[in-house]
Amino acid sequence: MKLQLLTALGALAGTACSLLAEGIGEAATAWILPFTAGGFIYVGTVSVIPELLRDAAPLQSLLEVLGLVCGVAMMVLIAHYE
């Protein structure tokens, strides 16, 4: 329960930082968006994908990797059209 509280406090701190950085303008967005996207990609490739691929059929593994690639593509599209 204490670790859950620590995680929630981290989320609140991140929210406060992003709200404070909103007024900075384009410089904050140019730095925060790649950092956040990189974090998601890192977690997906290092933690989640090996677990998903461990006991999966080849077709299921292909679908899971395609899902990761589609997620990365969505992040690129959001960054481009934002």
Please check if Val72 and Phe40 belong to a single hydrophobic cluster, counting links between Ile, Leu, Val, Met, Phe, Trp and Tyr side chain heavy atoms closer than 4.5 Å.
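Looking at the clustering, Phe40 is in the same group as Val72.
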
How far does OG1 of Thr7 sit from NZ of Lys2, to the nearest 0.5 angstrom?
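So the OG1 of Thr7 and the NZ of Lys2 are separated by 14.0 Å.
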
Is Leu3 atom CG crowded by more than 12 heavy atoms from other residues, nucleotides or ligands, each under 6.0 Å away?
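Not more than 12 within 6.0 Å, no.
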
